[in-house]
Amino acid sequence: MKKYLAEMIGTFVLVLMGCGSAIFAGIGLGTTGYGISTLGVAFAFGLSVIAMAYTIGNISGCHINPAITLGVWCNGRMSGKEAAGYMFFQVIGAIIASAVLYLLVHTGNQAGIERIFNDTTTTGANTFMEGNLFPAFIAEMVFTFIFVLVVLGSTDSKKGAGNFAGLAIGLTLVLVHIACIPITGTSVNPARSIGPAIFAAIEGNCTPISQVWLFIVAPFIGAIFSSIVWNAIKSDK
């Protein structure tokens with residue numbers, strides 16, 4: 001249970017900080033003076049992973065992402081029961097973080113907050129434009145493949161990055177966000193997409209929840225391929 005709670009807390013921090021940066025200081029806020037652009041949002045997600053890696057890494061391994069958990073399970077590093085528990089609590093953590101962000105958006109001086117938001121998301125939900133299903137699917141699958149491959153390689157018991165694994169993983173997530181934000185807002189993490197999509201639907205925006213299947217299926221496929229590739233190329237020495 002300590003591992004599950006650690007995963008819930010870690011995912012909570014990731015979604016709160018990452019999606020929070022996109023909501024309150026993200027892309028499109030140049031007229032307010034608070035905009036931090038794609039690079040800022042990318043670093044918010046990456047730095048969240050680095051912080052949690054050195055906080056809960058020795059407890060649960062700091063997956064905080066069902067795609068990573070699937071990749072680790074496929075790699076034979078954990079049981080199916082444990083993997084299912086990880087995924088469940090990761091989603092719960094994302095939902096709690098999205099609930100906090102929802103409260104921040106919809107309490108206090110709502111009119112003032114809406115002016116700050118301008119035309120940006122109020123939940124941090126992932127979406128893709130109409131007609132872009134194929135590039136969105138490929139992007140989420142390929143970038144998850146890269147991300148999970150780095151996770152499997154840097155945490156390998158024989159040839160891993162040791163104490164620098166958290167740094168390598170977090171910086172890889174920054175790179176992934178820089179490249180993928182313009183396409184889907186970047187998920188590569190089903191839990192990160194599910195929580196914000198639920199609260200977008202509560203707000204009356206049903207597009208994220210209707211598209212959330214892509215942000216579950218594509219990352220999972222990418223994670224499976226990562227496990228296959230890593231098993232093929234890893235060193236046995």
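If you read the sequence from its start, that first residue is 1, and numbering goes on from there.
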Inter-residue atom distance [X].[atom1] - [Y].[atom2], 0.5 Å rounding:
{"X": "Met87", "Y": "Thr11", "atom1": "CE", "atom2": "OG1", "value": "11.5 Å"}
{"X": "Leu16", "Y": "Ile23", "atom1": "CG", "atom2": "CD1", "value": "9.0 Å"}
{"X": "Leu214", "Y": "Met141", "atom1": "CG", "atom2": "CE", "value": "10.0 Å"}
{"X": "Asn126", "Y": "Ile183", "atom1": "CG", "atom2": "CD1", "value": "12.0 Å"}
{"X": "Thr207", "Y": "Met129", "atom1": "OG1", "atom2": "CE", "value": "11.5 Å"}
{"X": "Asn75", "Y": "Ile228", "atom1": "CG", "atom2": "CD1", "value": "11.0 Å"}

Any [X] side-chain heavy atom under 4.5 Å of [Y] side chain:
{"X": "Glu140", "Y": "Cys180", "answer": "yes"}
{"X": "Phe134", "Y": "Ile138", "answer": "yes"}
{"X": "Val72", "Y": "Tyr86", "answer": "no"}
{"X": "Pro208", "Y": "Val212", "answer": "no"}
{"X": "Thr186", "Y": "Arg192", "answer": "no"}
{"X": "Phe43", "Y": "His177", "answer": "no"}
{"X": "Phe89", "Y": "Met1", "answer": "yes"}
{"X": "Leu101", "Y": "Thr123", "answer": "no"}

With side-chain contact (heavy atoms from CB on, under 4.5 Å) as the test, would you mind laying out the steps for Leu133 and Phe128 before giving the verdict?
-> CA-CA 7 Å; Leu133 187 152; Phe128 55 89; 3.9 Å; yes
Polar contact flag, side-chain donor to acceptor under 3.5 angstrom, Thr127-Gln211 | no
Can you tell me which residue pairs pass the salt bridge (Lys or Arg N to Asp or Glu O under 4.0 Å) test with a partner in residues 40-66, sequence neighbours excluded?
-> none
ring-ring contact (aromatic ring centres under 6.0 Å, His included) with [X]: which residues, sequence neighbours excluded?
{"X": "Phe143", "value": "none"}
{"X": "Phe147", "value": "none"}
{"X": "Phe225", "value": "none"}
{"X": "Phe145", "value": "none"}

What pairs with [X] under side-chain hydrogen bond (donor to acceptor under 3.5 Å, both in side chains), at least two apart in sequence or on another chain?
{"X": "Asn189", "answer": "none"}
{"X": "Thr69", "answer": "His63, Gln90"}
{"X": "Glu82", "answer": "Lys3"}
{"X": "Ser187", "answer": "Ser193"}

Over all atoms of both residues, closest heavy-atom pair of [X] and [Y]:
{"X": "Met17", "Y": "Ala44", "value": "O-CB, 4.0 Å"}
{"X": "Pro66", "Y": "Pro190", "value": "CD-CD, 4.1 Å"}
{"X": "Cys62", "Y": "Val49", "value": "SG-O, 4.4 Å"}
{"X": "Trp230", "Y": "Arg77", "value": "NE1-NH2, 3.7 Å"}
{"X": "Ala223", "Y": "Ala67", "value": "CB-O, 3.2 Å"}
{"X": "Val41", "Y": "Ala22", "value": "CG2-CA, 4.0 Å"}

So which pairs with a foot in residues 201-223 pass ring-ring contact (aromatic ring centres under 6.0 Å, His included), sequence neighbours left out?
-> none
Do Leu175 and Ile169 sit in the same hydrophobic cluster, where Ile, Leu, Val, Met, Phe, Trp and Tyr count as joined when their side-chain heavy atoms come under 4.5 Å apart?
-> no
Would you check, one step at a time, whether the test side-chain contact (heavy atoms from CB on, under 4.5 Å) holds for Ile56 with Ile64?
-> CA-CA 10 Å; Ile56 64 170; Ile64 59 177; 4.1 Å; yes
Return the set of residues passing side-chain contact (heavy atoms from CB on, under 4.5 Å) with Ser98 (not counting sequence neighbours), or none when no residue passes.
-> Val15, Pro196, Phe199
Qualifying residues under side-chain contact (heavy atoms from CB on, under 4.5 Å), relative to Tyr54, sequence neighbours excluded = Ile50, Leu167
Positive for side-chain contact (heavy atoms from CB on, under 4.5 Å) with Val188, one of Thr144, Ile68, Val148 | Thr144
